[in-house]
Amino acid sequence: MAFDTMIGAYIINSSKDTYTISELAQEYLNLNVKAVEELTGKGKNFTLYRDMQPDVLSKTVGIYPYVINKVSRKIDGLFKENNQEQLYYDIELPLVRALADMEYYGFKVNVNALVEFSKELQEKIDVVTKEIYTLAGEEFNINSPKQLGVILFEKLGLPVIKKTKTGYSTDAEVLDELSDRHEIVEKILEYRQLVKLKSTYAEGLLAVINPHTGKIHSSFNQTVTVTGRISSTEPNLQNIPIKLEMGRKVRKVFIPSNENYQLLDADYSQIELRVLAHITDDENMINAFLNNEDIHTSTAASVFGIPKEEVTPIMRSRAKAVNFGIVYGIGDFSLAKDLKISRKEARMYIDSYLDRYPNVKRYMHDIVEEGKEKGFVTTMFKRRRYLPELKSRNFNIRSFGERIAMNTPIQGSAADIIKIAMVKVHGELKKRKLKSRLILQVHDELIVEVFKEEKEEVEKILSEGMQNAVSLKVPLVVEVKSGNNWYETK
DNA sequence: GCATGATGC
DNA sequence: AGCATCATGC
């Protein structure tokens, strides 16, 4: 591919909502060009080019080729200024074909199993609904947070833990705290889980199965996320349940195209923390990864100042929360909430962590300063995100900007790395004329539908392609699993 | 169209 | 708490 203005403009500024030619012409050429929609109309007024007058077309979209060429040259000049040519030409543009092939090839679904799953869910919903009505003493719309709030907090007199802009909060966090006080609460949680599964994952997926292919052909968007990740829509295949067993069963309906194929699922182990170790060059963290240690146990040992052998499950779990917090741009307030401890205690954990990982401390400080000076932060491969929030006089907005400054290089570099791996794996499968296909990416994992006779070869292409996507100061560890459906690849 | 709450990494 | 998408109510 020669050039794509939409992706090009996204590389220049990933924070925009749309990247239409009209908009780009205005921004980069100071040129007023009508939007395509203004010419064709939309909805019921939509008109095909072939039904429009030639002279109208020539005066309007007729100039698009010219504008596209000018915008392309302009953006290409900016790539040179920003040192983003590798990112654009070697990563993003080749990725277009990999994503297009993933969309076209699709992910096969066991329709009958999905229909059965849907029925099973409905039966469970019916049972739980009746139980809820009985416990409430009346019928109401459980799906309405407003009506549910009235039942829980007015009729049943449960304590109000949290409020939203519009009334009582009834989210899972609140309900968890109330679960000991009334039987109805856990039924509500169960109801919510079941309804989500039925509507989004059973009926939702059934509605987008292509009747000709029997497959789901998701759209993978390359210009949506501010950090460089790709997104998936219609349907979103990047948030298929896995944490709770009931939801995880959805994965059983995702199968190979036919009996000659299997699924391979390869995921990066702790890629974000490995990226952090690399970027900060923190000796303590790098050593943990070099020694192939469990990073959360290692963090717990460091923070609590004890040998790894003496780390308890609770200590490990707290260290894990701190590691998450570090990746997201930590604050004592949020960590306290997450761990249900005091803010002071959370502050102690964070300070202790930063004492034990001094280069991480310096990085967190420096990256915010860099963001303020330059107006943006960058990833390992020069992806850029502008941070106007850092200049805000509003404390909350400014703090948000600081967390973005800390998180974006980490999340974004991980996105760069898996994109490189995708281009390599996709290219290698094509070059060797293999029947196996890359069919999905879920931020730190790649799923390949593998032709059984090619399994050994493709497993090597996949794991080595991912491990060697880049060379970091720590190894990139990849775990590959196989199965006859997505559920089995665990 | 916005708010809420579910799901994922 | 960083990044997303989808269904539902109002």
Side-chain angles (χ1 to χ4, degrees), chain A residues 14-15 140-149 162-176 188-205 207-208 218-221 223-244 246-248 250-251 267-273 275-276 321-339 346 350 377 379 385 387 389 396 399-415 418 440-446 486:
Chain A
S14 63
S15 302
F140 64 102
N141 188 345
I142 310 167
N143 294 324
S144 164
K146 194 175 167 190
Q147 291 183 39
L148 179 62
K162 189 168 64 171
K163 302 198 88 175
T164 66
K165 285 177 199 168
T166 53
Y168 312 115
S169 171
T170 67
D171 65 20
E173 196 192 329
V174 168
L175 297 185
D176 273 334
I188 301 287
L189 285 165
E190 189 184 352
Y191 174 90
R192 287 238 178 99
Q193 188 197 343
L194 292 167
V195 167
K196 178 68 177 176
L197 288 175
K198 177 148 193 287
S199 63
T200 302
Y201 299 105
E203 290 168 349
L205 292 176
V208 291
S218 179
S219 295
F220 297 102
N221 204 313
T223 60
V224 167
T225 72
V226 286
T227 56
R229 282 183 170 182
I230 59 173
S231 76
S232 159
T233 55
E234 280 185 297
N236 181 357
L237 289 184
Q238 294 179 320
N239 72 344
I240 302 300
I242 190 167
K243 286 172 185 153
L244 304 174
M246 175 73 49
R248 192 173 193 155
V250 174
R251 294 179 174 233
D267 71 290
Y268 280 116
S269 165
Q270 301 295 347
I271 189 169
E272 291 190 336
L273 287 172
V275 163
L276 179 64
V322 175
N323 276 329
F324 268 102
I326 290 294
V327 168
Y328 294 154
I330 202 155
D332 51 13
F333 185 80
S334 311
L335 184 66
K337 197 155 82 76
D338 188 34
L339 290 177
I350 295 167
V377 292
T379 65
R385 179 176 181 183
L387 294 169
E389 295 89 350
N396 287 326
S399 300
F400 179 54
E402 291 169 358
R403 293 194 294 275
I404 300 173
M406 299 184 237
N407 170 265
T408 295
I410 302 170
Q411 188 184 128
S413 295
I418 196 166
L440 184 60
Q441 184 251 49
V442 191
H443 310 308
D444 67 350
E445 79 180 309
L446 296 181
W486 198 6

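Keep in mind it's a predicted model, so treat the numbers as computed, not measured. Per chain, numbering begins at 1; letters A, B, ... match sequence-line order.
In this structure, A:Ser232 contributes its side chain and A:Pro235 its backbone to a donor-acceptor pair below 3.5 Å. Remark: the backbone N or O of A:His443 is not paired with any side-chain donor or acceptor of A:Arg229 at under 3.5 angstrom. Judged purely by atom type and a 3.5 angstrom limit, A:Gln238 uses its side chain to pair as donor or acceptor with the backbone of A:Gln441.
Heavy atoms from other residues, nucleotides or ligands lying under 6.0 Å from NZ of A:Lys162 number more than 12.
Distance from the side chain of A:Pro145 is smallest to B:dT4 among B:dT4, C:dT5, C:dC3. Between B:dT4, C:dG2, C:dA7, one nucleotide has an atom nearer to the side chain of A:Arg229 than all others, and that is C:dG2. Ranking B:dG5, C:dA7, C:dC3 by closeness to the A:Thr170 side chain, first place goes to B:dG5. Of the candidate nucleotides C:dA1, B:dA3, C:dG2, B:dA3 has the atom lying nearest to any side-chain atom of A:Lys165. For A:Lys146, the listed nucleotide lying nearest its side chain is C:dC10; candidates were C:dG2, B:dC9, C:dC10. Closest to the A:Tyr328 side chain, of the nucleotides C:dA7, C:dA1, C:dC3, is C:dA1. Nearest to the side chain of A:Thr225, among C:dC3, C:dT5, C:dC10, sits C:dC3. Side-chain atoms of A:Arg251 lie closest to B:dG8 of the nucleotides B:dG8, C:dA4, C:dC3. With distances taken from any side-chain atom of A:Leu244 to the nucleotides C:dA4, B:dT7, C:dA1, the minimum falls on B:dT7. Of the listed nucleotides (B:dT4, B:dC9, C:dA1), B:dC9 has the atom at the smallest distance from the side chain of A:Lys243.
Going from atom CD of A:Gln270 over to atom P of B:dC9 covers 13 Å, rounded to whole Å. Per the geometry, CG belonging to A:Asn323 stands 18 Å off P belonging to C:dA1, to the nearest Å. Following rounding to the nearest Å, A:Glu402 (CD) and C:dG2 (P) show an atom-to-atom distance of 12 Å. Going from atom CD of A:Gln411 over to atom C1' of C:dA1 covers 12 Å, rounded to whole Å. Straight-line distance from the CG atom of A:Asn396 to the P atom of C:dG2: 11 Å, rounded to whole Å. A:Glu173 places its CD atom 12 Å from the C1' atom of C:dA1, with the value rounded to the nearest Å. If you measure from atom CZ of A:Phe324 to atom P of C:dC3, you get 15 Å, rounded to the nearest angstrom. Between the CE atom of A:Met246 and the C1' atom of B:dA6 there is a distance of 16 Å, rounded to whole Å.
Within the 4.0 angstrom heavy-atom criterion, no nucleotide atom of any strand lies near A:Glu445. The residue A:Asn239 sits close to a base: some heavy atom pair falls under 4.0 Å. Within the nucleic acid shown, A:Gly329 has no heavy atom closer than 4.0 Å to any nucleic acid atom. Contact annotation for A:Val327: no contact, since no heavy-atom pair falls under 4.0 Å across all strands. Using a 4.0 Å heavy-atom distance criterion, A:Glu272 is classed as making no nucleic acid contact. The residue A:Ala415 sits apart from the nucleic acid: no heavy atom pair falls under 4.0 Å. Residue-level contact check: A:Arg248 touches neither bases nor backbone, having no heavy atom under 4.0 Å from any strand. A:Ile242 comes within 4.0 angstrom of the backbone, heavy atoms only, and of no base. At a threshold of 4.0 angstrom between heavy atoms, the contacts of A:Tyr268 with the nucleic acid are absent.
Heavy-atom distances under 4.0 Å link DNA chain C to A:Lys196 of residues 188-198 of chain A, given in residue order.
Contact check, A:Thr408 against C:dG2: no side-chain N or O comes under 4.0 Å of OP1 or OP2. An OP1 or OP2 oxygen of C:dA7 is reached within less than 4.0 angstrom by no side-chain nitrogen or oxygen of A:Asn143. Checking the phosphate oxygens (OP1, OP2) of C:dG2, no side-chain nitrogen or oxygen of A:Thr227 falls inside 4.0 Å. Contact annotation: A:Ser144 reaches the phosphate of C:dC10 (side-chain N/O to OP1 or OP2, under 4.0 Å). Within the structure, every side-chain polar atom (N or O) of A:Thr166 is placed at least 4.0 Å from both OP1 and OP2 of B:dA3. A close approach under 4.0 Å does not occur between any side-chain nitrogen or oxygen of A:Arg403 and OP1 or OP2 of C:dA1. Here A:Ser231 reaches the OP1 or OP2 of C:dT5: one of its side-chain N or O atoms lies under 4.0 Å away. Regarding contacts with the backbone of B:dC9, every side-chain N or O of A:Gln441 stays at 4.0 angstrom or more from both OP1 and OP2.
In terms of heavy atoms, A:Leu148 sits closest to A:Ile188 at CD1-CD1, 3.5 Å. In plain terms, the two heavy atoms of A:Ser413 and A:Val275 that are nearest each other are CB-CG1, 3.7 Å. Here the closest non-hydrogen pair linking A:Leu237 and A:Trp486 is O-CH2, 3.8 Å.
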Run the side chain to side chain donor-acceptor pair (under 3.5 Å) test on A:Ser334 and A:Arg403 for me, step by step, so that the C-alpha distance in whole Å, both residues' side-chain angles and the decisive distance to 0.1 Å come before the verdict.
CA-CA 12 Å; A:Ser334 311; A:Arg403 293 194 294 275; 5.9 Å; no
Run the side-chain contact (heavy atoms from CB on, under 4.5 Å) test on A:Tyr328 and A:Leu335 for me, step by step, so that the C-alpha distance in whole Å, both residues' side-chain angles and the decisive distance to 0.1 Å come before the verdict.
CA-CA 11 Å; A:Tyr328 294 154; A:Leu335 184 66; over 6 Å; no
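Taking only distance into account, the side chain of A:Asp338 meets the base of C:dA1 through a donor-acceptor pair shorter than 3.5 Å. A:Asn236 contributes no side-chain N or O that forms a donor-acceptor pair with the base of C:dT5 under 3.5 Å.
Tested against A:Gln411 for a side-chain contact (heavy atoms from CB on, under 4.5 Å), the candidates A:Glu272, A:Arg385, A:Met406 yield a single pass: A:Glu272.
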